[in-house]
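Heads up: the structure comes next, in structure tokens.
For the numbers below, each heavy atom of this structure counts, side chains included, while hydrogens, waters and symmetry mates do not. The sequence lines fix the lettering, A, B, ..., with proteins before strands; numbering per chain opens at 1.
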Amino acid sequence: MAESPITQRSQDFAAWYQDVVLHGDMAEPAEIVKGCMVIKPNGYAVWEVLQRELDDRFKATGHQNVYFPLLIPQSFLQKEAEHVEGFAPELAIVTIAGGKKLEEPYVIRPTSETIIGHFFAKWIQSYRDLPMLLNQWANIIRWELRTRMFLRTTEFLWQEGHTAHSSHEEALEEVLRMLDVYADVAENIMAMPVIKGQKTSAEKFAGAVRTYAIEAMMQNGLALQSGTSHDLGQNFGRAFDVKFQTKEGQLDYVWQTSWGVSTRLIGGLIMSHSDDKGLVLPPKVAPVKSVLVPIYRKDDEKAQVLEAAHRIAADVGAQGVKVKIDDREGPSPGAKFFHWERRGVPLVLELGPRDVAANNIVLKRRDTGAKEVLPQSEVAARIPEALAQMQSDLYAAAKQRLKSNTVLANSIDEVQSILADVTAEKGGGKFVMAHLKDDPVCDARLKEFKATVRCIPLVDEYDGPGKCIVTGEPVDRRVVIAKSY
RNA sequence: CGGGGCGUGGCUCAGCCUGGCUAGAGCGCCUGGUUCGGGACCAGGAGGUCGGAGGUUCGAAUCCUCUCGCCCCGACCA
């Protein structure tokens, strides 16, 4: 057997990740465009599944899709002090267009709070116009210095929800509602357990009052911020003069939220489930859920096997699961098995002359590698079960990994020694739960060894209040500290 | 953006230090045949001017300058 083309996780996790993306045919670097990638059909199909799952939930919670311009007047970014400061270093700016230098440069959107703020001001006059619940699917550009496919690229795809409300309470409800939507998709569709929490003030979105996030743990123990939901307070309302008349006739600024997830989710998906053989996709996000590989030698065998294959595919199709028959002439069955394995297809069905003779079929699961031989009459019923089982097994395994790599620490030295040697390549990462005050001083202390507060969990699963390991002041719960992407 | 590494058929790479015949190999690809239960084999064949630009030279993949991109490390970030 040929050597695996994929670097083993234990050898170099970062190289493994890249190999999985490449061999899974998900994406490739855009070579001629710095820091960008080409998302290939196999990768984009996963994005389309995630889009559909998310979009359905957005619609179900009352949101409507819109589209705002890619180009934003530069002055808009400057209207919110923290916002401009946060984004200035990573902006791409258009200064020449139509062969002429522009009077006012356009920024290529790094996010759309500002331009949407401008239109909110036009559209909102009364409390009757609220809440305004919008979402847009878009591409954005942030000039990143270091890129990794899906995890951080200069251009990426995302959705950004933008809402305006008449009270802070209602806005906050929205922020947490959408955080729940993200957690739901992450856990129930992507089989990726997450911790919901609040970002420290040092880590929050530039311009937000508060930022909430879902944090996932990758197989190397590093944290991946997988979705964010911001309470913007009245910051953008003030900056863009988005005022409304209340029921009582007073004028007030709207309370806004924004929330987003991106193609980064795909990176998280890959680093949650894939193995040394390549991509592993949970059934619910797999564009192709099952592939049937026919095996035959002679023409008469071929005819019989393919006939049975099509009959079985039709039976299974009636259960709502499409079976792709890999009837390519060139590659041997073995080559086909490796091909689909690397691409993460959840179930591979093997059907050869022996099976045809015995009315059997072989079913193999991508995650466990387990093969089962079953009567053809049972396969249509069995496939949905196997897919469901794989979905829940993947989630359970990821959950278990999260659990077993989460540790408590009661001093800053302890935190440091746990995380000291952790890198994206070597792995060994942990989520360290420690009492820590939400104070930039504490964030700075962690930064000395390249760790960050990932979030202050919404639900405290540990021992409640304690003393901050940096300042000694009382805090009400442990926070998640980790190295991250 | 700083440090390091690297760009040679589709892919992985050799050649470069010490310029010089028609630029090589393996894999992949195409054709034909034999194969086919975990990456098949034989035969024939197509395909590169060496990331790009400029320079030195009788002569550049090889030396020099600039530039673009990729990877790794660091500072910044979804």
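Using a 4.0 Å heavy-atom cutoff across all strands shown, A:T153 reaches at least one base atom of the nucleic acid. Residue A:R342 is in base contact, counting any heavy-atom pair closer than 4.0 Å across all strands shown. As judged by a 4.0 angstrom heavy-atom cut-off over every strand, A:V261 is placed among residues making no nucleic acid contact. In this structure, A:Y485 reaches neither bases nor backbone, as no heavy-atom distance under 4.0 Å exists between it and the strands shown. Residue A:G35 is in sugar-phosphate contact alone, with no base atom involved, counting any heavy-atom pair closer than 4.0 Å across all strands shown. Residue-level contact check: A:E341 touches the bases, meaning some heavy atom is under 4.0 Å from a base atom. Heavy atoms of A:K298 sit nowhere under 4.0 angstrom from any nucleic acid atom.
Between B:A43 and B:C27, the two P atoms lie 12 Å apart (nearest whole Å). When the C1' atom is used for both B:G24 and B:G48, the distance is 11 Å, rounded to whole Å. Rounded to the nearest Å, the gap between the P atom of B:A61 and that of B:G54 is 14 Å. Taking atom P in both B:G51 and B:G15, the straight-line distance is 15 Å, to the nearest Å. Across the C1' atoms, B:G10 and B:G28 are found 7 Å apart, a figure rounded to whole Å. Between B:C76 and B:A14, the distance separating the two C1' atoms is 39 Å to the nearest Å. Going from the C1' atom of B:C17 to that of B:U62 covers 9 Å, rounded to whole Å. With C1' as the reference atom, B:U18 and B:U22 are 24 Å apart, rounded to whole Å.
Between A:F337 and A:S484, it is A:F337 whose nearest contact on RNA chain B lies nearer the 5' terminus.
Without hydrogens or angle criteria, A:T452 side chain to A:R454 main chain gives no donor-acceptor distance under 3.5 Å. Side chain of A:D275 to backbone of A:G278: a donor-acceptor contact under 3.5 angstrom is found. Between the A:R366 side chain and the A:W340 main chain, no donor and acceptor come within less than 3.5 Å of each other. Here the side chain of A:W259 pairs no donor or acceptor atom with the backbone of A:Q159 at under 3.5 angstrom. The backbone N or O of A:G260 sits less than 3.5 Å from a side-chain atom of A:Y182, completing a donor-acceptor pair. Side-chain N or O atoms of A:T406 include one that pairs as donor or acceptor with a backbone N or O of A:L402 at under 3.5 Å.
No close placement of the A:F156 and A:W47 rings is indicated, their centers lying 6.0 Å or farther apart. Between A:F120 and A:F240, the distance from one ring center to the other does not fall under 6.0 angstrom.
Straight-line distance from the CD atom of A:E329 to the P atom of B:U31: 12 Å, rounded to whole Å. When rounded to the nearest whole Å, the span between CD of A:E203 and C1' of B:C76 equals 12 Å. Going from atom OH of A:Y296 over to atom C1' of B:U34 covers 15 Å, rounded to whole Å. Taking atom NZ of residue A:K277 and atom C1' of nucleotide B:G39, one finds them 14 Å apart after rounding to whole Å. Atom P of nucleotide B:C36 and atom CG of A:D300 are separated by 13 Å, given to the nearest angstrom. The interatomic distance linking A:I295 (CD1) with B:U35 (P) rounds to 17 Å, in whole Å. Per the geometry, CG belonging to A:D25 stands 13 Å off C1' belonging to B:G10, to the nearest Å. One interatomic measurement links the two molecules: NE2 of A:H339 to P of B:A40, which rounds to 14 Å at whole-angstrom precision.
The partner of B:G74, taking Watson-Crick or G-U wobble pairs whose two distances both stay under 3.5 Å, is B:C1. Applying the Watson-Crick and G-U wobble criteria (two distances, each under 3.5 Å), B:U57 pairs with nothing in any strand. Pair check for B:G47 finds none; no Watson-Crick or G-U wobble contact set falls under 3.5 Å. In a base pair of the Watson-Crick type (N1 to N3 plus N6-O4 or O6-N4) or a G-U wobble (N1-O2 and O6-N3), with each distance short of 3.5 Å, B:G37 is matched with no nucleotide. Base pairing annotation: B:U22 forms no Watson-Crick or G-U wobble pair, as no partner gives both donor-acceptor distances under 3.5 Å. Base pairing annotation: B:G69 forms a Watson-Crick or G-U wobble pair with B:C6, both donor-acceptor distances under 3.5 Å. Across every strand in view, B:A14 sits unpaired, with no contact that passes the Watson-Crick or G-U test at under 3.5 angstrom.
Ion pairing between A:K371 and A:E350 holds under the 4.0 Å rule for side-chain N and carboxylate O.
When each of B:C72, B:C36, B:C1 is scored by its nearest atom to the side-chain atoms of A:P333, the top-ranked nucleotide is B:C36. In this structure, the nucleotide among B:C70, B:C36, B:C1 sitting nearest to the side chain of A:L145 is B:C1. Checking B:C71, B:G39, B:C76 against the side-chain heavy atoms of A:A335 singles out B:G39 as nearest. Side-chain atoms of A:K450 lie closest to B:G74 of the nucleotides B:C71, B:C72, B:G74.
At B:C36, none of the side-chain N or O atoms of A:K302 fall inside 4.0 Å of OP1 or OP2 (strictly under the cut-off). Using a 4.0 Å cut-off, no side-chain N or O of A:K371 falls inside it from OP1 or OP2 of B:G37. At least one side-chain nitrogen or oxygen of A:S332 sits closer than 4.0 Å to the OP1 or OP2 atom of B:A40.
Among pairs with a residue in residues 194-223 of chain A, those fulfilling ring pair (Phe, Tyr, Trp, His ring centres under 6.0 Å) read A:H83-A:F205, A:F87-A:F205, A:F205-A:H230, at least two apart in sequence or across chains.
Contacts between residues 347-358 of chain A and RNA chain B, counted as heavy-atom distances below 4.0 Å, involve A:E350, A:G352, A:P353, A:R354, A:D355. Residues from residues 221-232 of chain A that place a heavy atom under 4.0 Å from any atom of RNA chain B, listed by number: A:Q225.
Within the cation-pi definition used here (under 6.0 Å to the ring centroid, within 45° of the axis), A:R142 qualifies as a partner of A:W158.
Between A:R9 and A:Q219, the side chains place a donor N or O and an acceptor N or O closer than 3.5 Å (distance only, hydrogens not considered).
The closest side-chain heavy-atom distance from A:Q74 to A:L91 is not below 4.5 Å.
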